[in-house]
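Lettering follows sequence order; numbering is per chain, from 1. This structure is a prediction, so every number in the text was calculated from the model and none was measured.
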Amino acid sequence: MSDTEITTPSLPEPAAAAPATVRFADFGLSPDILRALSEQGYEHPTPIQAQAIPVLLQGRDVMGAAQTGTGKTAGFSLPIIQMLLPHASASTSPARHPVRALILAPTRELAVQVAENVKAYAKHTPLRATEVFGGMDMKPQTVILKAGVEIVIATPGRLLDHVEQKNISLNQVQMLVMDEADRMLDMGFLPDLQRIINLLPKQRQNLMFSATFSPEIKKLANTFLNNPVTIEVARANKTADTVTQVVYKIAENQKHALIAHLLRQRELKQVIIFSNTKLGASRLARELEREGMKAVAIHGDRTQQERMAALDAFKKNEIDILVATDVAARGLDISDLPCVINYDLPYNAEDYVHRIGRTGRAGASGDAISIYSDKDERLLADIEKLIKQTIQRGEPVGFTPGAFADERGERRPRRSEDIGRGPAGRSADRGPRTMGAAPRRDKVDPWFLKPYEPSKAAAPAPAAPAASGAITKAKPKLAFLLGGAPKTGSL
DNA sequence: AAAAAAC
């Protein structure tokens, strides 16, 4: 829901193109929609909403490029509900509730989140909405689909499964949304997407939304969209300017240790840590648990129940550390997340934009810390080229390399021990431990005691283009990120 | 080269 929190008067709206005087009521939306909005405290549209809503109400195809946290979900949900309302029926007959809008999402969690939003906006209308995704029992979904539902929010595979089982018919779909479209159009998804589109009526309205748009995707989009209106509220491929970014270069086998160090310094404020691999995410979560921190992993090899429980607990602030693969990189709205850490630099530069977009949402400030090693120089260069910005190089203050060298060094146990095993076994490597407390192997550096200082909301100066390749040493915004007096040089 | 998405 915080998708639209940006409209609350108390929050700063960084890209306020729409005058504050524009209200949802000005779009001719149904009173039933306005009522739902006002009950949730929303009166003024965000810039993308102000642009998208009128265009969508005209029935035009839209290609929307919007930063995360700009209210893009409401931007397409509200017009969909409005467009479907004239034929909404209060009848209980399934035939009176055919699927007329289909919203496709690249991850299950995103489908759930979008569905929550749509349901909330449609709650005073007779329209029905439901989510459909894999990893869960088909039956409850089947019951809902067979009862009739106008708006379906789905991941592609499970949707096709329901189609094959004749639980759903898509031949009355008049509006199609591809959320996180660049991911939906990548090689892995394209065949399923094509199959789904072949099941839809030719005559329909198409919407594509994404935070980033590569030239390839733009080209591909042209095959899916008819004479689309392009809506762009911020430069595409841009990172939110409310996020302070820093990179640390460090030896590969020191990454665990540095992460643990950074987390201690932050006094465990909430953070998502991204790993490039499922195994890496599980390992890191477990290592952090061994260090006395409560961390949970979320990735595609965990059960759907585990994934949802992890995300729920994190959203409810019951867990401070979520270790994730790119399953959590896109679209997920976690309000007030102050920090994202990249344990690995992503292989796709665009995923960097998505990952760090989990913080600094709705105009709030955030920190994005990335760790990389020698072999990743190319990845970093790609990222900086994409975001047209040089990321400040940092030096972790008070970090002693080698403190955790045994974690990932040659004495690493065999792979099989890493999978699905509890924290037993290797604690002998680490000396005495105290229950619950973080193990302390060095005397505490005074620097540790310095409290973490959240980023000031002041917008960073516009970054210089990275064309020269020179590293701009911007003035550090966060003492803890860059540190004036490095205690250890060998990084 | 990895992750995601159906069973």
Rounded distance in Å - CG (A:Asn167) to P (B:dA6): 15 Å

message: Please determine whether a side-chain nitrogen or oxygen atom of A:Arg330 lies at a distance below 4.0 Å from atom OP1 or OP2 of B:dA5.
response: no

- request: Can you tell me the distance, in whole Å, between the CZ atom of A:Arg302 and the P atom of B:dA4?
  value: 12 Å

Per A:Glu164 side chain, nearest of listed nucleotides B:dA1, B:dA6, B:dA5: B:dA6

query: For A:Asp192, what residues pass the side-chain contact (heavy atoms from CB on, under 4.5 Å) criterion, not counting sequence neighbours?
result: A:Pro156, A:Leu160, A:Arg195

- prompt: Are the charged groups of A:Arg330 and A:Asp326 less than 4.0 angstrom apart, N to O?
  reply: no

query: For A:Asp326, which contact category applies under a 4.0 Å heavy-atom criterion: base, sugar-phosphate, or nothing?
result: nothing

statement: Applying ring-ring contact (aromatic ring centres under 6.0 Å, His included) to A:Phe209 and not counting sequence neighbours gives A:Phe76

message: Check this one for me: any side-chain N or O of A:Thr325 less than 4.0 Å away from OP1 or OP2 of B:dA4?
response: yes

Separation of B:dA1 C1' from A:Asp186 CG (nearest whole Å): 14 Å

- line: note: A:Gln194, atom CD; B:dA5, atom C1'; distance rounded to Å ~ 17 Å

- request: State which of B:dA6, B:dA2, B:dA5 makes the closest approach to the side chain of A:Phe189.
  value: B:dA5

statement: Atom CG of A:Asp301 and atom C1' of B:dA5 are separated, to the nearest Å, by 13 Å

message: Rounding to an integer number of Å, can you tell me how far A:Arg108 CZ sits from B:dA4 P?
response: 9 Å

task: Give the rounded distance in Å between these two atoms: NE2 of A:His354 and C1' of B:dA4.
output: 13 Å

- line: Closest to the side chain of A:Phe133, out of B:dA2, B:dA6, B:dA5, is B:dA6

- prompt: A:Lys278 side chain: which of B:dA2, B:dA6, B:dA3 is closest?
  reply: B:dA3

Sidechain N-carboxylate O distance under 4.0 Å for A:Asp351, A:Arg183: yes

- prompt: So which nucleotide from B:dA6, B:dA2, B:dA4 ends up closest to the side chain of A:Asn348?
  reply: B:dA2

statement: Which of B:dA6, B:dA3, B:dA4 is nearest the side chain of A:Thr277? It is B:dA3

query: Counting only side-chain N and O atoms of A:Thr155, is one of them less than 4.0 Å from OP1 or OP2 of B:dA6?
result: yes

task: Return yes if a side-chain donor-acceptor contact under 3.5 Å exists between A:Asn117 and A:Ser77, otherwise no.
output: no

statement: From CG of A:Asp351 across to P of B:dA4 the rounded distance in Å is 11 Å

message: Taking the minimum atom-to-atom distance to the side chain of A:Arg195, which one of B:dA4, B:dA6, B:dA1 wins?
response: B:dA6

- prompt: Contact class for A:Gly188 vs. all strands (heavy atom < 4.0 Å): base, sugar-phosphate, or nothing?
  reply: base

